[in-house]
Amino acid sequence: AMAFYLAELPLSKLNTVITPVLTPYLSRINFNLRALRKAYLNVNRGLLILLVPVQVGLAVVAPLMIPLVLGEHWSEMILPFQVLCFVGIL
């Protein structure tokens with residue numbers, strides 16, 4: 001549960017910032033399918049540009065970060081956390 005929470009944390013924090021801005025914008029253009037499609041693809045592209053490096057970075061530093069931040073007793077969480085970071089990219 002902790003591995004999932006930490007791996008999902010960057011996306012959930014980003015969603016809390018993006019959703020209030022994006023919802024009114026998309027609702028204004030919802031009848032223009034071409035603009036809606038373009039906006040949707042641009043948002044997804046932007047999210048990937050931001051989240052892929054974060055998720056990969058978290059997976060790479062997990063063996064150092066988890067024991068340092070959470071303590072040695074959380075070391076068994078490293079591999080599940082790394083897997084969930086890469087799954088989060090998908």
What pairs of donor and acceptor atoms, side-chain ones from residues 52-68 against any protein atom, are under 3.5 angstrom apart with sequence neighbours left out?
unit_1 : atom_1 : unit_2 : atom_2 : d
Q55    : NE2    : A7     : O      : 3.1
Q55    : NE2    : C85    : O      : 3.4

- request: May I ask you to list the residues sharing a hydrophobic cluster with V87, side-chain cutoff 4.5 Å, ordered by chain and number?
  value: L79, V83
field: Side chains of Q82 and I78 in contact at under 4.5 Å (non-hydrogen atoms)
entry: yes
- request: Could you tell me the separation between the CG atom of L47 and the CD1 atom of I18, rounded to the nearest 0.5 Å?
  value: 4.5 Å
task: Mind checking side chain to side chain contact (heavy atoms under 4.5 Å, CB included) for T19 and listing every partner two or more places apart, or none if nothing turns up?
output: N15, T23
statement: Between the CG atom in L14 and the CG atom in L51, the distance rounded to the nearest 0.5 Å is 5.5 Å
message: Suppose clustering is done on Ile, Leu, Val, Met, Phe, Trp and Tyr with side-chain heavy atoms closer than 4.5 Å. Which residues sit in the same group as Y40?
response: L41
- line: Nearest heavy-atom approach of V21 to V17 is CG2-O, 3.8 Å
- request: For atom OH of Y5, decide whether the heavy atoms of other residues, nucleotides or ligands shown that lie under 6.0 angstrom number more than 12.
  value: no
- prompt: Are F86 and L48 connected in a single hydrophobic cluster, I mean Ile/Leu/Val/Met/Phe/Trp/Tyr linked by side-chain heavy atoms less than 4.5 Å apart?
  reply: yes
- line: Tightest non-hydrogen contact, residues P24 and S27, listed as O-OG, 2.8 Å
statement: Sorted by chain and number, sequence neighbours left out, side chain to side chain contact (heavy atoms under 4.5 Å, CB included) with A39 holds for Y25, L26, I29
- prompt: Is M2 reachable from F81 through a run of I, L, V, M, F, W or Y residues, each pair having side-chain heavy atoms under 4.5 Å apart?
  reply: yes
Partner set under side chain to side chain contact (heavy atoms under 4.5 Å, CB included) for E76, not counting sequence neighbours: none
field: 4.5 Å side-chain heavy-atom contact, L6 and L84
entry: no
- prompt: Taking only residues two or more places apart in sequence or in another chain, which ones pass side chain to side chain contact (heavy atoms under 4.5 Å, CB included) with S12?
  reply: E8, L9
Whichever hydrophobic residues join F31 through chains of side-chain contacts under 4.5 Å: none
- prompt: What residues form a side-chain hydrogen bond (donor to acceptor under 3.5 Å, both in side chains) with R34, not counting sequence neighbours?
  reply: none
